[in-house]
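Chain A is the first sequence line, chain B the second, and so forth, proteins listed ahead of strands; every chain is numbered from 1. Heavy atoms only: backbone and side chains are in, while hydrogens, waters and symmetry mates are out.
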There are 2 protein chains.
Amino acid sequence: MTGNAAPGNRGNADRRVRRTRTAIRRALMELILEKGYEPVTVTDLINRADVGRSTFYAHFTDKQAVLFGSLEELDFLRASPSADGPLFAFSLAMFEHVREQRRLVRALLGRRGGREVVAHGERLLTAAVRDELLARGAAPSAHLDLVVTCVVGAFMAMTRAWADDEIVATPAELNTAFRATVVPGVRALLERDPGHRPVG
Amino acid sequence: MTGNAAPGNRGNADRRVRRTRTAIRRALMELILEKGYEPVTVTDLINRADVGRSTFYAHFTDKQAVLFGSLEELDFLRASPSADGPLFAFSLAMFEHVREQRRLVRALLGRRGGREVVAHGERLLTAAVRDELLARGAAPSAHLDLVVTCVVGAFMAMTRAWADDEIVATPAELNTAFRATVVPGVRALLERDPGHRPVG
DNA sequence: CTCCTCTCGAACAATGTGTTCACTTATGAA
DNA sequence: TTCATAAGTGAACACATTGTTCGAGAGGAG
C-alpha cells in the first residue's frame, strides 16, 4: 500500500483495493442504519467489513473520510436552483426524498447523527438557496447571506425534528409550514430589490 | 459520600461539598472557554478542579451533568413571552446578550460545542416561542408546532453561524434579517387565525 | 509464473471512562 | 473540645478506542 489514504482513485485497478473499500463503505452504511453515525467506531467498521485494522488506516484517515467518500454517491441535496417556477421549489421534493431515505437521514442528521455531517449538508443547501435567490434578482449582500442562513436553518430544523420524531407530519405538511413561515419574508426581500431579473 | 450524584442540593450544609462542586463547575467553565465544550474531558476537569477522580463521580455522572447544573444559574434564554409589544421582541435582546457572552456561546453552540447543549437551548426557545404565539391568539395545532420549529431553527442557525464567525454582523443586523425573514410569515399565520386575543 | 502490492493480525503506546477500596481528613453537632 | 461520621484521596483496576508499526503471507497484474 502506497499509503495514499482516501484518494480519488475511484476506478482502482487492483481488485483487492476495490473489495476493501467497498466493504468498508458498505459496513459504514449498515452500521449507521443500525446505531446512528456517532456511535459507530473504527473498530466496529473493521469488524463488520472483516478487514485488518492497518488496512483500514491505509485507506481512510477516520470514519468521517469513509462517510464523505460515500456521500458523493448519494444525490441528496442536489437542489438545482431555478430562477422560474415557485420560490424554493426544491423543498417539497426534498422533504419527500427525505421521507424515502428516512432511516438514513435520521441516522445522519438526528440526535445520534454527526455534527460534521449536518454542517456539510448545511453548506450544500446554503449554496443552493443563495444561488436561487441571486438567480431571482436578489443583490448579493451581507443581509442576503443572513436571510439565507435563516432559511436554511429553518429547513434543517424541520428535517431534523421530523427525522427524530419530535414532530409528526407528512412531507406536504412540512412543506406547507416551511413555506408559510419563510416565503413571505423572502418574497418581500426580492420585491424590495429591483434586481436584474435574468430572464423569467 | 452518600452517592447522590447531581442532586438538587444547592444549599448543602457541608463546606467540603460546596467547595468540591463549585470547584468542578468553575473548572468546567474555564475549560469550556479555553477549548470549547466537546474537547473537555472528565480528566481535564478533575485536574483543573484539583479533585479526586472518585470525588468527581460521587457528585456528577459526567461532564454534561456539570454543565446542566451550571446552566440553570445562567439566565440565557429567559425569554418571557409577551402578548403585546412587537412580535418576537426577545430576538434583539437575545442577540445582544449573545454578543456579550460571545465566547461562551461559541464554545457551547459553535463547532466545538455540544449536541446536547444545542438541543437544550432549542427546547427552551421552542417553548418560549410557542407560548408567545399562543398568547397572541394562535390556535394550538400541528401546523403551529411546525412553524415554531422553523422560527427556532432560523434563530439558532443565525446565532451559531455568527458565533462561529461564518457571518459577520451586529446584533441589530442579525435581528433585522431574522425578523425580515420570519415575521411576515408568522404574522400572516396570526391574522389568518381569528383566535381569542387575550387582551393586547 | 513471478514479482510486487496489498492485506493480515497482533502488538503497542496513548488516552479516556467509570468503579472500587482502604485510608485520611474535615466538619458539624453535642 | 471531643468525636462519630460524612467526605475526599489516590491509586489501581478493567475496559474501550484510537492510530501506528512490522514481518509474514496471500493475491493479483502482467
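Here the side chains of B/Arg179 and B/Leu92 are not in contact, with every heavy-atom distance at 4.5 Å or above.
No cation-pi contact links B/Lys63 to B/Phe68, judged by a cut-off of 6.0 Å to the six-membered ring centre and 45° from its axis.
One can place NE2 of A/His59 at 16 Å from C1' of D/dG19, the figure rounded to the nearest angstrom. Rounded to whole Å, atom P of D/dG8 lies 11 Å from atom CZ of B/Phe60. Following rounding to the nearest Å, B/Phe56 (CZ) and D/dA7 (C1') show an atom-to-atom distance of 17 Å. Residue B/Asp14 contributes atom CG, which lies 14 Å from atom C1' of D/dA4 at whole-angstrom precision. When the P atom of C/dG16 is taken as reference, atom CG of B/Asp62 falls 16 Å away, rounded to whole Å. Taking atom CZ of A/Arg19 as the reference point, atom C1' of D/dG28 lies 14 Å away to the nearest angstrom.
Using a 4.0 Å cut-off, no side-chain N or O of A/Ser54 falls inside it from OP1 or OP2 of C/dC8. Side-chain N/O atoms of A/Tyr57 include none lying less than 4.0 angstrom from OP1 or OP2 on D/dT20. At the phosphate of D/dA29, OP1 or OP2 sits under 4.0 Å from a side-chain N or O atom of A/Arg15.
Residues from residues 37-48 of chain A lying near DNA chain C, meaning a heavy-atom separation below 4.0 Å, are absent.
Both A/Arg53 and B/Asp50 sit near DNA chain D, but only B/Asp50 has its closest nucleotide nearer the 5' end.
Side chain A/Arg16 to base C/dT5: a donor-acceptor pair is found below 3.5 Å.
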